[in-house]
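All figures in this text were calculated on a predicted structure; none of them were measured in a lab.
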2 protein chains.
Amino acid sequence: MVKDWYKGGDKVYVAVDCIIFGFDAGVLKLLVFKRRVAPFEGRWSLIGSFVRPDESSSEASHRVLKEITGLDNIYMKELRVYSEVDRDPGARCISIGQYALIRVDEHDKELVESHGAKWYPLNELPNLVLDHGKMVSDALERLRTNAQFYPIGFELLPQKFTIPQLQQLYEVIFQKQFDSRNFRKKLLSLEILKKLDEKDKSSSKKGAFLFQFDSDKYKQIRKKGFSIPLFKNQDVL
Amino acid sequence: MVKDWYKGGDKVYVAVDCIIFGFDAGVLKLLVFKRRVAPFEGRWSLIGSFVRPDESSSEASHRVLKEITGLDNIYMKELRVYSEVDRDPGARCISIGQYALIRVDEHDKELVESHGAKWYPLNELPNLVLDHGKMVSDALERLRTNAQFYPIGFELLPQKFTIPQLQQLYEVIFQKQFDSRNFRKKLLSLEILKKLDEKDKSSSKKGAFLFQFDSDKYKQIRKKGFSIPLFKNQDVL
DNA sequence: ATAGTAAATGTAAATATTACATTTATTTTA
DNA sequence: TAAAATAAATGTAATATTTACATTTACTAT
């Protein structure tokens with residue numbers, strides 16, 4: 001029931017749009033889809049939805065993410081609200097940008113295809129509808145900022161990964177090369193990686209040891225009151 | 001004109017609520033106001049408004065902030081969207097939390113009073129309507145996080161301030177004492193403070209030199225690709 | 001002239017970062 | 001089965017930053 005005093009307000013459409021990052025074959029990719037219905041039929045768009053009466057914006061974005069990728073329990077954070085008056089010529093409609101990091105190896109590729117969705121390397125993105133291109137560049141900036149201060153890179157790698165893989169990811173995110181000895185030393189010094197007794201031999205004869213992100217340990221450290229900036233000299237952007 | 005394909009969506013009320021921080025008499029304060037009309041007449045609330053058809057959420061929050069404090073050009077950032085289904089029993093209404101840092105010495109005190117608004121020290125806050133208490137604690141957390149990595153403390157101090165004042169502010173934000181010699185050294189080493197030829201004698205016979213935040217220099221540094229974490233060992237939270 | 005007060009300053013020890021080259025483990029090939 | 005090939009793994013010395021800690025300075029009030 002809507003109380004009288006709300007009658008002064010103007011209702012608007014509220015949507016979520018997901019900026020979904022993945023790391024595959026050494027490059028950062030974004031999941032976009034080709035619209036099959038109006039508006040913007042046939043054009044590329046972020047994956048989104050109206051927020052339904054029975055869900056929050058966060059629930060809405062997790063719902064569509066699951067619909068398209070089959071994935072639950074995804075790293076997803078609010079980016080910002082896009083509410084410029086004329087952003088959508090069809091109606092007053094605000095959109096909440098939600099950026100997500102997923103493990104490409106874990107998602108349901110057939111489901112993605114069946115929805116007309118496709119992974120594009122960030123530098124080969126097609127033009128997107130409305131302000132979705134802006135959402136992507138904002139999200140990329142946010143990803144870079146957050147990756148400086150928090151260990152979120154792990155969200156983009158398989159559960160088990162090698163140090164060289166991790167380094168490659170950070171080099172792609174920050175567009176910068178790191179010294180492999182110093183990179184390894186620094187990451188291991190954070191004490192948030194569990195070394196496994198297993199090697200990945202896909203990229204060398206010697207094989208590289210696999211590691212897992214130790215999120216319990218990370219939470220402990222955070223609880224004690226520390227945050228972990230990955231690189232001290234933050235000249236990574 | 002609303003196109004047909006939007007008819008599937010459900011419209012909702014969209015509001016902004018401002019979490020307004022100030023630093024006064026050595027304590028962090030929040031600006032809240034006593035509602036004079038329904039809903040929640042007589043109860044304390046954040047300062048907010050519906051987002052109007054002709055403005056973005058950012059414009060809406062700057063508008064109400066100006067209405068109440070007389071201030072323009074305020075540091076204000078989106079905190080997050082509060083869209084839980086039952087957050088407002090009167091109607092489906094989502095709210096965009098916007099947190100702001102203002103210089104208490106620059107705001108229009110009479111205007112604030114005339115609107116029934118009042119500054120409360122953070123630890124003496126009255127109960128607030130709806131989820132506004134949660135907004136405040138979220139905003140405080142965000143303030144602390146951001147103050148670790150970015151020089152935003154200056155937004156809460158007068159344009160001209162002393163190093164001891166700056167230190168006191170950071171001690172309040174982080175609930176932690178700093179060594180005055182190291183604090184001064186660290187802050188000056190960032191090279192974003194302009195020393196003035198002027199002293200503030202309000203708190204000592206000797207007087208303390210006044211400084212200004214040099215935002216041009218800070219922008220230059222950022223442009224070159226550096227961010228500036230204020231404290232290396234981020235054990236400040 | 002002296003006492004009182006907060007501001008300002010310096011340094012040595014500990015820690016973290018950087019720059020840089022060789023050895024190791026394994027597979028493939030000769 | 002020895003040798004070649006390849007990426008992974010490791011160590012160290014030089015530099016920079018952070019930390020811990022006590023005295024002097026500038027000014028006002030008595």
Side-chain angles (χ1 to χ4, degrees), chain A residues 25-26 148-149 151 157-158 160-171 174 176-212 221 225-236, chain B residues 25-26 148-149 151 157-158 160-171 174 176-212 221 225-236:
Chain A
Q148 273 183 84
F149 303 128
L157 291 175
K160 298 174 178 183
F161 53 85
T162 67
I163 304 283
Q165 280 166 14
L166 187 60
Q167 177 170 350
Q168 189 189 30
L169 170 60
Y170 275 102
E171 290 181 342
F174 294 127
K176 181 179 192 288
Q177 303 289 113
F178 296 103
D179 177 275
S180 66
R181 289 157 289 188
N182 294 339
F183 183 87
R184 181 183 296 267
K185 205 187 317 174
K186 175 71 186 174
L187 269 288
L188 293 178
S189 78
L190 299 177
E191 299 193 290
I192 53 177
L193 296 183
K194 257 200 304 262
K195 185 176 183 177
L196 304 177
D197 247 348
E198 221 179 318
K199 278 188 165 182
D200 172 306
K201 296 203 172 159
S202 63
S203 72
S204 81
K205 290 156 185 170
K206 180 178 180 180
F209 279 102
L210 287 163
F211 289 79
Q212 274 188 316
I221 295 172
F226 289 75
S227 71
I228 299 182
L230 278 180
F231 304 101
K232 182 193 166 185
N233 271 358
Q234 316 261 338
D235 53 346
V236 282
Chain B
Q148 272 184 84
F149 303 129
L157 291 174
K160 298 175 178 183
F161 53 86
T162 69
I163 304 283
Q165 280 166 13
L166 187 61
Q167 177 170 351
Q168 188 189 29
L169 171 60
Y170 276 102
E171 290 181 342
F174 294 126
K176 180 180 192 288
Q177 302 290 111
F178 296 103
D179 177 275
S180 66
R181 289 158 290 189
N182 295 340
F183 183 88
R184 180 184 296 265
K185 205 187 317 174
K186 176 70 186 173
L187 268 288
L188 292 177
S189 79
L190 299 176
E191 300 194 290
I192 53 177
L193 295 184
K194 256 199 306 261
K195 186 177 183 178
L196 304 177
D197 246 348
E198 223 179 316
K199 278 188 167 182
D200 172 305
K201 295 205 173 158
S202 63
S203 72
S204 81
K205 289 156 185 168
K206 180 179 180 178
F209 278 102
L210 288 162
F211 289 79
Q212 275 188 315
I221 295 171
F226 290 75
S227 71
I228 299 182
L230 278 180
F231 304 101
K232 181 190 170 188
N233 271 0
Q234 317 259 338
D235 54 347
V236 281

Roughly how many Å is it from [atom1] in [X] to [atom2] in [N], rounded to a whole number?
X        : N      : atom1 : atom2 : value
B:Leu210 : C:dA7  : CG    : C1'   : 13 Å
A:Gln167 : D:dA9  : CD    : P     : 11 Å
A:Phe178 : C:dC20 : CZ    : P     : 17 Å
B:Gln165 : C:dA6  : CD    : P     : 14 Å
A:Leu187 : D:dA9  : CG    : C1'   : 15 Å
B:Asp200 : C:dA6  : CG    : P     : 13 Å
B:Phe211 : C:dA7  : CZ    : P     : 12 Å
B:Lys176 : D:dT19 : NZ    : C1'   : 11 Å

Taking C-beta and beyond as the side chain, do [X] and [Y] meet within less than 4.5 Å on heavy atoms?
X        : Y        : value
A:Arg184 : A:Pro164 : yes
B:Phe211 : B:Leu188 : yes
A:Phe174 : A:Gln148 : yes

- Distance test, side-chain N/O of A:Ser203 to OP1/OP2 of D:dA8, below 4.0 Å: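 It does, given that an N or O in the side chain of A:Ser203 lies less than 4.0 Å from OP1 or OP2 of D:dA8.
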Which atom pairs, one a donor and one an acceptor, fall under 3.5 Å between side chains of residues 191-199 of chain B and the rest of the protein, sequence neighbours left out?
residue, atom, partner, partner atom, Å
B:Glu198, OE1, B:Lys160, NZ, 3.0
B:Glu198, OE2, B:Lys160, NZ, 3.4
B:Lys199, NZ, B:Lys206, O, 3.2

- Item | Which atom of A:Gln165 lies closest to which atom of A:Asp200, heavy atoms considered |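 Taking every non-hydrogen atom into account, NE2-OD2, 3.6 Å.
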- By side-chain hydrogen bond (donor to acceptor under 3.5 Å, both in side chains), A:Ser189 pairs with (sequence neighbours left out) none
- Output all residues satisfying ring-ring contact (aromatic ring centres under 6.0 Å, His included) with A:Phe161, sequence neighbours left out; order by chain, then residue number.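 Partners of A:Phe161 under the ring-ring contact (aromatic ring centres under 6.0 Å, His included) test: A:Phe154.
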- Message: For a quick check, with a 4.0 angstrom heavy-atom cut-off, what is the B/S/- contact string for nucleotides 24-30 of chain D, read 5' to 3'?
- Response: -BBBB--
- With sequence neighbours excluded, residues passing side-chain contact (heavy atoms from CB on, under 4.5 Å) with A:Gln167: A:Glu171, A:Phe178, A:Ser180, A:Phe183
- Residues passing the side-chain contact (heavy atoms from CB on, under 4.5 Å) test with B:Lys185, sequence neighbours excluded, are B:Asn182
Please write out the pairs of protein N or O atoms and N or O atoms of nucleotides 10-13 of chain D separated by less than 3.5 Å, giving the distance to one decimal.
residue, atom, partner, partner atom, Å
D:dT12, O4, A:Lys185, NZ, 2.7

